[in-house]
Asks: 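Dropping a structure here in structure tokens format, bear with me for questions.
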There are 2 protein chains.
Amino acid sequence: MRPNKRDELVSKALKVFYRDGFHATGMDKLVVETGVSKTSMYKHFRTKEDLIVAALRLRDENFRNWFFQRVDAMAETPAEQIIASFDALKEWFEEDGFRGCLFIKAGAEYQDKDHPIHVQAAEHKQLLLEHFTIVAQQAGAHDPQKLACQIVLLQEGAIVSAVLLKNCDPAEDAKDAAKHLLAKELA
Amino acid sequence: MRPNKRDELVSKALKVFYRDGFHATGMDKLVVETGVSKTSMYKHFRTKEDLIVAALRLRDENFRNWFFQRVDAMAETPAEQIIASFDALKEWFEEDGFRGCLFIKAGAEYQDKDHPIHVQAAEHKQLLLEHFTIVAQQAGAHDPQKLACQIVLLQEGAIVSAVLLKNCDPAEDAKDAAKHLLAKELA
DNA sequence: GCTTAAGTTAACAGATCAGTACACTTTGAG
DNA sequence: CTCAAAGTGTACTGATCTGTTAACTTAAGC
């Protein structure tokens, strides 16, 4: 089992899961789309669940890397970075093939809080929250924990609204809201 | 086909879909849980998709009724009602068997924007948005549309966070954020 | 060149999926 | 009482689901 082969499988599976959903994607479809044999697939991953968890882990890494780097490139100070995070989100929303947040979808399809897939999804959100708690702290917020919760909350809300609402610019509205909350917290 | 029988089926199916998800719930399971025969089920609903859409419609009606009445009971003025909506959400989050928002889950499982199920989910969110646009207007907001978008965004974010984040009080944080946004909009 | 691990094809479980066919029973209105 | 609508049980498609089995090929390291 060449380890890079495994990574390639996870990466391709991730795309299909993101595009079509978890329950709606069968192993047979994945086998066809990755061009690998079924036997080989099951040598790399004991179960479909294992594959999904691996895909979520990869997505977590990819997304956080992209998100934080993009924010870093757009803003210098911590306070500006909090605001810039909504510009980064807006870029994401406008990407071709944007289909919402994989972790929200994972949490929606696997609702049991003890389920490994749900746990993995929750972990991603937790890591985002921790990151913005630190940034809020650096920005000098009176209550960094609360501000971070609110920022993440606005981000989640913007993602969901970007998927389900028309004639609306959720990233812009969320950014505007974040500006006010930030100003309050720094005053 | 007695119409009340149909309503009963939709109501029971709704519970199962909410608890277990859409793809994860087969018609066989629904037949067992409702105690109806499969033939009868398919006389009431041409396809599973039809049943899901009917369940979403019922949920939309039930939820909006409950939500708006609860808010009405808790607050008098439009401005207070906007804030009270987050107290109502909190009550919902603390209910036994709370499993997040059925419409977010529907949108997550049926991602194609033209899919009837996705359309139905989007409609629910649109109706909420319209309601709060009117309330924002009554409250005397400078930009009722923007404020309503932001309120709905905070609500969605709170729901998602209530599902995926621990050690956090999303309803409280969202309420706090809403207070600031509202104050700004009325100033 | 031999061994071994990683890969292949292809068929097969056994369960479950949405949906149908058919023959039967219940029930309510005229 | 009669008739039609609404309901029943059960068995059945044909497809798809996750996962397995067995025999074969490829390729790299010693």
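All values below come from the heavy atoms of this structure, side chains included, with hydrogens, waters and symmetry mates left out. Protein chains get the first letters and strands the later ones, always in sequence-line order, with residue 1 at the start of each.
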Asks: Give a yes or no on whether the backbone of A:Val16 and the side-chain of A:Lys29 come within a donor-acceptor separation of less than 3.5 Å.
Replies: no
Asks: Does D:dG7 have OP1 or OP2 sitting under 4.0 Å from an N or O in the side chain of B:His44?
Replies: yes
Asks: Under the side-chain hydrogen bond (donor to acceptor under 3.5 Å, both in side chains) rule, collect the residues that match up with B:Asp72, sequence neighbours excluded.
Replies: B:Gln81
Asks: Nearest whole angstrom, please: distance from the P of C:dA6 to the CG of A:Asp7.
Replies: 15 Å
Asks: Answer yes or no: does atom CD of B:Glu76 have more than 12 heavy-atom neighbours from other residues, nucleotides or ligands under 6.0 Å?
Replies: no
Asks: Is the A:His115 ring parallel, tilted or perpendicular to the A:Tyr110 ring (thresholds 30°, 60°)?
Replies: tilted
Asks: side-chain hydrogen bond (donor to acceptor under 3.5 Å, both in side chains) with A:Glu91: which residues, sequence neighbours excluded?
Replies: A:Arg70
Asks: Could I get a table of every N or O pair under 3.5 Å where one atom is in the protein and the other is in nucleotides 21-24 of chain C?
Replies:
from	atom 1	to	atom 2	distance (Å)
C:dA21	N6	B:Thr39	OG1	3.1

Asks: Within this structure, what is the CE-to-C1' distance between B:Met27 and C:dT20, rounded to whole angstrom?
Replies: 12 Å
Asks: Would you list the atom pairs, donor with acceptor, under 3.5 Å between side chains in residues 148-169 of chain B and any protein atom, with sequence neighbours excluded?
Replies:
from	atom 1	to	atom 2	distance (Å)
B:Gln150	NE2	A:Asp173	O	2.8
B:Gln150	NE2	A:Asp176	OD2	2.9
B:Gln155	NE2	B:Ser85	OG	3.2
B:Glu156	OE1	B:Lys125	NZ	2.9
B:Ser161	OG	B:Gly157	O	2.9
B:Asp169	OD1	B:Glu172	N	3.4
B:Asp169	OD2	B:Lys90	NZ	3.0

Asks: Mind checking whether A:Phe68 and A:Phe132 have parallel, tilted or perpendicular rings, split at 30° and 60°?
Replies: perpendicular
Asks: Tell me whether the centres of the aromatic rings in A:Trp92 and A:Phe63 are closer together than 6.0 Å.
Replies: yes
Asks: To the nearest Å, how far apart are B:Leu30 CG and C:dT16 C1'?
Replies: 14 Å
Asks: Please tell me which of B:Met41 and A:Arg46 maps to the more 5' nucleotide of DNA chain D, matching each residue to the nucleotide holding its nearest heavy atom.
Replies: B:Met41
Asks: When you check the phosphate oxygens OP1 and OP2 of C:dT8, does a side-chain N or O of A:Ser40 lie under 4.0 Å from one of them?
Replies: yes
Asks: Taking side-chain hydrogen bond (donor to acceptor under 3.5 Å, both in side chains) as the definition, give me every residue that meets it alongside B:Gln126, ordered by chain and number, with sequence neighbours left out.
Replies: none
Asks: Return the value, rounded to whole Å, for the distance between atom CG of B:Asp28 and atom P of C:dT16.
Replies: 9 Å
Asks: Write down the distance between CD (A:Glu8) and P (C:dG7), rounded to a whole number of angstrom.
Replies: 10 Å
Asks: Where along residues 9-26 of chain B does a heavy atom come under 4.0 Å from DNA chain C, residue by residue in number order?
Replies: B:Thr25, B:Gly26
Asks: Using atom CZ of B:Phe45 as one end and atom C1' of C:dG19 as the other, report the distance to the nearest whole Å.
Replies: 15 Å
Asks: If I take atom OH in residue A:Tyr42 and atom P in nucleotide C:dT8, what distance separates them, rounded to the nearest angstrom?
Replies: 15 Å
Asks: Would you mind reading off the distance between A:Lys29 atom NZ and D:dA15 atom P, rounded to a whole angstrom?
Replies: 18 Å
